[in-house]
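Some notes on the structure that comes next.
Only this structure's heavy atoms are used, side chains among them; waters, hydrogens and symmetry mates stay out. Chain letters run A, B, ... following the sequence lines, proteins first and then strands; every chain starts at 1.
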Number of protein chains: 2
Amino acid sequence: MTKLSDVARMAGVSPATASRALNGVSTVDPALARRVLEAATSLDYRPNGVARNLRRRRTDVWALLIADVSNPFFTAVARGVEDIAQANGYSVLLCNTDEDAAKEAQYLAVAELEQVAGVLLSPSAPGCGAARLVRSGIPVVSVDRPSPDAVDAVLVDSRGAAGAAARHLLEEGWGRVACVTGPEGVATAEERLRGYRDAVGAPSADGSLVRRAPFTVEGGRSAAASLLDSDEPPDALLVANSLMALGVLRALADHGLRMGADVGLVAFDDAPWSTLVEPAVTVVAQPAYELGTRAAQLLLERVRGEATDVPARTVVLDARLLVRGSSRRPAGVDARTCQSTSISSTPGADGRDVDVRSR
Amino acid sequence: MTKLSDVARMAGVSPATASRALNGVSTVDPALARRVLEAATSLDYRPNGVARNLRRRRTDVWALLIADVSNPFFTAVARGVEDIAQANGYSVLLCNTDEDAAKEAQYLAVAELEQVAGVLLSPSAPGCGAARLVRSGIPVVSVDRPSPDAVDAVLVDSRGAAGAAARHLLEEGWGRVACVTGPEGVATAEERLRGYRDAVGAPSADGSLVRRAPFTVEGGRSAAASLLDSDEPPDALLVANSLMALGVLRALADHGLRMGADVGLVAFDDAPWSTLVEPAVTVVAQPAYELGTRAAQLLLERVRGEATDVPARTVVLDARLLVRGSSRRPAGVDARTCQSTSISSTPGADGRDVDVRSR
DNA sequence: TTGTACGCGTTATCAA
DNA sequence: TTGATAACGCGTACAA
């Protein structure tokens, strides 16, 4: 492995000058610089980033902790993060926590060990161990789910969106609206359940119409099956995630029920297949990619030191309710008519508006 | 930042002993080891991984270069890789190349700079610059797409699977079978086209029935639209990827055509929505997750030095043709009947068989 | 403008 | 079994 001192020797200069030349420091004599560059080329010199990182006392790596890249929502978030990172010279470590606090803690330990420049975190539970990172100078930005420890946060108004969705189902005339949400303790799962309860009213929203399950296809399937097999089955479902929605559709098919006709449906996340099924699925579209880019931009300011002393920032993005066939109640007319309307969960906003609040 | 020497001083030992104690070296006196551990705890000591990496001359990081995490196929691959990595103490850097040679080269440079322990690569073109990594001692395993530079490779028999799929369409009685494949130069795109040509015969497989497009929804949509708008439109389509398939379905709808009835369809990748549309989509199911885990296992052996001097290995996994409604030709009977059969692309294999060959 | 010398924090070597 | 010492490869005060 050829190192900097080799290049320096060949160019007939000191390692210091070689270092400066290769890093484009302007004070170095052009002639020398050229000699150094040539030596580096002919020796096929590759700088050692690890040594540089040690010396510089920083790295150009971020850690991204999400529940699961297989979840299309997080895939989009990850892509957004990666795009911003790459455009600014950072690399990102992908960490799947599977909503597991132990895995999460382990990844945070790795992030600290590897001295990453910053962390983007979608915590599985409120009390994750991100505080120590922040204390040791590593900025942490939370994505999708809030963290008391995070410096900044980029969130979606899950509660408002879930409320609007449930209200929409009620207004369409569905009688018993149930809710299939994520695991207990997961912020977005709780918020969506809360929004649902806002709409249906606490008394009627007793346990019999609520199911918690993992944010997976199988989670959705079994939750829906359990609801449909109960004594008083619902006639409409609010589903907290697109993977779950796939399972719900399977459960409906297993029970011989047609969505939109027998059972109303609204699901979170605008999956690409949601307009290909019949009828199309009414969804709460979340700006997942933008969630990633915005969080990355906030982190960028922090790691660059541009936002030191800036108080914690929280960006709340709006979700949009896209009304399609699955939530429309069949009247006399054909229930399979498919209309698409955009309704913002925040009155007056057009769905692309962004709230930026300090906390 | 408290460092090792601080711990050593507090424990009244040398840094060397402190290091040994913290790393669980057995030769250290239990009493001393305990003192070190206590000191480390009370000082809240966190080792500096960067310094350790420099001294050890190795890191515990892999780089994973894929076209795009947003592509569900690669998402599954990434998840497979990450699971194996995490279980063995490695972290993975996620790199989206977008089939862009420049981006790919840049990421490979980062991988070398950061001295990653190994690279998992799905090259966009045959001649990528992975050779230099291998020369400098970094093992590279190619995933999904072969690379002349890679040490090992884990692939799928795309050509055989595409051939079987096209043959299936012909046997069902579709007259003009077209092919929508990926960008020129991308190995899997070429292999699938080749398999298609194997089946339909080179003469009839002239350009008029072949379209190349990006592996995206929009790529599939416009390719299908172009085919359907041509003078002699096809009556069946072989589509090389599930994102493209979504676009193709959209194009069919735009043209007022029903798959399975007006147009036969087989698509690569068994997306979760493929059984939810009507009729269900016949697919070539690729073992994407397993592709990731297998590649990771091969890399693991290399980075551990267990497979030094072992010649390059190529693992070829089988894809399975899952026959469903979209490829069945409507006869007198209802074309929407949905059957699901499993046919291996390799005669005699059950679809889970694996060929391991040396090259 | 260039060179010398040191330090980043850890681990491996070697002698005791 | 322990400790002193020397790297690992680079960047950067400081002095020249």
With a 4.0 Å cut-off, would you call B:D6 and B:K3 a salt bridge?
-> no
Phosphate contact (D:dG11 OP1 or OP2) by A:R52 side-chain N/O below 4.0 Å | yes
Nearest-Å distance for atom pair CG/C1', residues A:N23 and D:dT12 = 11 Å
Verify the contact: side-chain N or O of A:N48 to OP1 or OP2 of D:dC8, cut-off strictly under 4.0 Å; return yes or no.
-> no
Students should find that the nucleotides of DNA chain C closing off the region near chain A, any atom under 4.0 angstrom from a heavy atom, are C:dT1 to C:dG9
Stepwise, does the side-chain contact (heavy atoms from CB on, under 4.5 Å) test hold for B:R302 with B:V310?
-> CA-CA 9 Å; B:R302 297 285 180 185; B:V310 172; 4.0 Å; yes
So does B:T17 get a side-chain nitrogen or oxygen closer than 4.0 Å to the phosphate oxygens (OP1/OP2) of D:dG3?
-> yes
Got a donor-acceptor contact below 3.5 angstrom from the B:R35 side chain to the B:A11 backbone?
-> yes
Specify the residue among B:L54 and B:V13 whose closest nucleotide of DNA chain D lies further upstream toward the 5′ end.
-> B:V13
Look at B:R145 together with B:E99 and state whether they make a salt bridge at an N to O cut-off of under 4.0 Å.
-> yes
Looking for any heavy atom pair under 4.0 Å, which part of the strands does A:V28 touch: base, sugar-phosphate only, or nothing?
-> sugar-phosphate
Could you state the atom-to-atom distance from CG of A:N53 to C1' of D:dC10 in whole Å?
-> 10 Å
Grab the CZ-C1' distance between B:R35 and D:dG3 for me, whole Å please.
-> 14 Å
Over 12 foreign heavy atoms within 6.0 Å of CZ, A:R34 | no
Using a heavy-atom cut-off of under 4.0 Å over every strand shown, decide if A:P47 touches base, sugar-phosphate, or nothing.
-> sugar-phosphate
Taking only side-chain nitrogens and oxygens of A:R55, does any of them come within less than 4.0 Å of OP1 or OP2 of D:dC8?
-> no
Report the C-alpha distance between A:L317 and A:E290 in whole Å, list the side-chain angles of each, state the deciding distance to 0.1 Å, and finish with yes or no for side-chain contact (heavy atoms from CB on, under 4.5 Å).
-> CA-CA 9 Å; A:L317 302 183; A:E290 192 185 351; 4.1 Å; yes
Could you tell me whether the phosphate oxygens of D:dT2, OP1 or OP2, come under 4.0 Å of any side-chain nitrogen or oxygen in B:S14?
-> no
Decide, yes or no, whether a salt bridge links A:D98 with B:R79 under the criterion of side-chain N to carboxylate O below 4.0 Å.
-> yes
